[in-house]
Amino acid sequence: MSNNQTPPFITRAHLLALAFFAVFIFLLYQMARLLAPFSAALLWAAIITLALHPLHQRILHALRGKAGLAAAAMTLLTLLLIVGPAITLLAISTSQAIDLYQWTAGNLRSGKLLELGNTVAAFLSGKLSEYPALSGLDVKGMALKSLGDISSGLAGQIGSILKDTVLLAINLAVMLLAIFFFFRNGEAYYRSAMDLLPFTVEQKRSIAQKVSDTFMAVINGVFLIALLQGIMTGAGFALFGVPFPVFWGLIAAVLALLPVGGAALVWLPGALFLFLTGSKAGGIALFVWGLILVSTPDNILKPLLIGKKAKLPAFFLFIGILGGLQVYGILGILFGPLVVTLLFAFVQIYREEYGER
């Protein structure tokens with residue numbers, strides 16, 4: 001055999017590598033299928049674990065490095081301080097949603113909502129008459145149709161929540177179990193994941209730091225502010241006499257996650273409701289309350305907490321949040337900015353490794 005003979009195009013090493021990666025990808029796919037039913041529980045467990053990581057480090061230090069005991073303590077704290085209040089809030093909100101549905105149905109039958117619809121229509125028609133292009137809108141019909149749609153929608157959602165109680169309990173158990181293991185073994189999981197990345201130590205550190213900064217910025221600048229807005233909206237409704245304040249506070253907290261509109265989509269109609277049902281002073285007071293104590297802190301704190309900490313351009317941050325909501329739902333508010341951050345980090349690595357060449 002000649003020494004100049006061309007080596008085979010596919011060698012045994014190539015076949016072994018191909019077989020390995022084929023089996024590896026197949027196993028990853030099967031693992032993803034196993035985790036898919038509990039994906040939401042595992043994601044929330046990861047979010048809670050990362051958010052409480054600084055507190056866990058302090059407790060671990062106080063317990064002299066006893067990882068199992070510290071993880072158990074953090075799981076118990078999570079159950080008492082986060083999961084317990086969340087379940088209580090959900091139960092009260094569900095009860096008030098049922099009451100709201102019954103209140104809406106009763107007032108539709110008695111004609112009181114028709115009177116309110118006439119009042120709203122007259123009020124808005126007077127305002128719209130100043131704009132000829134909008135003066136032909138059927139405000140009354142739209143308002144009554146919206147009330148009917150909201151009532152039927154609430155009834156459907158309540159039925160769905162009650163039907164999925166068992167599934168909710170299973171996911172809650174999975175989440176708490178995951179939280180315990182994430183606290184106990186999270187550092188080992190993190191190191192194993194970072195070892196798989198084919199980057200330099202400095203690049204891995206940079207990626208981890210950017211992801212951590214973005215995560216904490218979104219948690220503090222979106223979720224905590226949304227929670228604060230929900231609490232302040234509910235407190236304002238309870239103080240000035242809007243019915244079902246806990247339910248509306250929860251709705252305000254959810255809508256506060258949106259980049260546009262936010263909690264104002266709840267407290268503005270609440271102020272208008274008070275104003276049109278005879279409590280003009282209460283309506284004005286709730287409007288001032290919502291403007292100063294609900295929306296103004298959001299407009300001031302959110303850019304400071306997110307933009308500077310995450311170090312993302314405002315446009316890309318906005319697109320990340322809005323696109324994340326569209327693609328992933330509520331969790332997309334967190335994942336959207338993280339995807340943008342990772343893209344920026346990988347672009348930087350590409351520029352360092354290949355751009356100069």
Side-chain angles (χ1 to χ4, degrees), residues 85 88-90 92-108 110-128 130 137 139-140 142-151 153-154 157 221-303:
T88 303
L89 178 63
L90 181 62
I92 296 174
S93 299
T94 303
S95 174
Q96 290 198 355
I98 295 172
D99 294 340
L100 174 60
Y101 173 73
Q102 294 173 345
W103 178 86
T104 303
N107 281 281
L108 279 172
S110 67
K112 289 183 180 179
L113 279 183
L114 186 60
E115 288 181 28
L116 180 59
N118 290 331
T119 304
V120 172
F123 175 79
L124 293 179
S125 296
K127 296 296 182 183
L128 293 177
E130 302 173 8
L137 289 177
V139 177
K140 176 181 172 183
M142 291 169 61
L144 291 177
K145 184 178 183 304
S146 298
L147 285 172
D149 291 343
I150 291 172
S151 299
L154 284 174
Q157 291 297 322
V222 176
F223 283 97
L224 290 184
I225 289 180
L227 179 61
L228 175 63
Q229 287 184 283
I231 291 172
M232 296 307 296
T233 300
F237 277 31
L239 183 63
F240 298 111
V242 178
F244 320 112
V246 176
F247 172 77
W248 292 119
L250 178 62
I251 298 298
V254 172
L255 292 179
L257 298 172
L258 299 175
V260 180
L265 297 175
V266 175
W267 64 259
L268 263 178
L272 184 63
F273 170 82
L274 289 177
F275 189 83
L276 296 176
T277 52
S279 180
K280 294 186 177 181
I284 295 172
L286 182 57
F287 177 82
V288 174
W289 175 283
L291 188 64
I292 296 176
L293 297 179
V294 179
S295 292
T296 300
D298 173 65
N299 296 328
I300 294 174
L301 294 176
K302 189 175 288 185

> What residues form a ring-ring contact (aromatic ring centres under 6.0 Å, His included) with Phe287, not counting sequence neighbours?
Replying inline: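 With sequence neighbours excluded, Phe287 shows a ring-ring contact (aromatic ring centres under 6.0 Å, His included) to Trp267, given in chain and number order.
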What heavy-atom pair brings [X] and [Y] nearest, and what distance separates the two atoms?
X      : Y      : answer
Thr296 : Ile292 : CB-O, 3.5 Å
Leu286 : Gly270 : CD2-C, 3.6 Å
Ala263 : Val294 : CB-CG1, 3.7 Å
Thr233 : Trp248 : CG2-O, 4.4 Å
Ser93  : Val246 : OG-CG1, 3.7 Å
Ala238 : Pro245 : N-CB, 3.6 Å

> With Leu293, which residues qualify under side-chain contact (heavy atoms from CB on, under 4.5 Å), at least two apart?
Replying inline: Met232, Trp289
> Residues in side-chain contact (heavy atoms from CB on, under 4.5 Å) with Ile231, at least two apart?
Replying inline: Leu227
> Do Phe273 and Pro243 come within less than 4.5 Å of each other through their side chains, counting heavy atoms only?
Replying inline: yes
> Is there any side chain to side chain donor-acceptor pair (under 3.5 Å) pair reaching into residues 234-245, and which pairs are they, with sequence neighbours excluded?
Replying inline: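 Residue pairs with at least one partner in residues 234-245: there are none.
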>> side-chain contact (heavy atoms from CB on, under 4.5 Å) for Asp99 and Phe247? Distances and angles first, verdict last.
In response: CA-CA 10 Å; Asp99 294 340; Phe247 172 77; over 6 Å; no
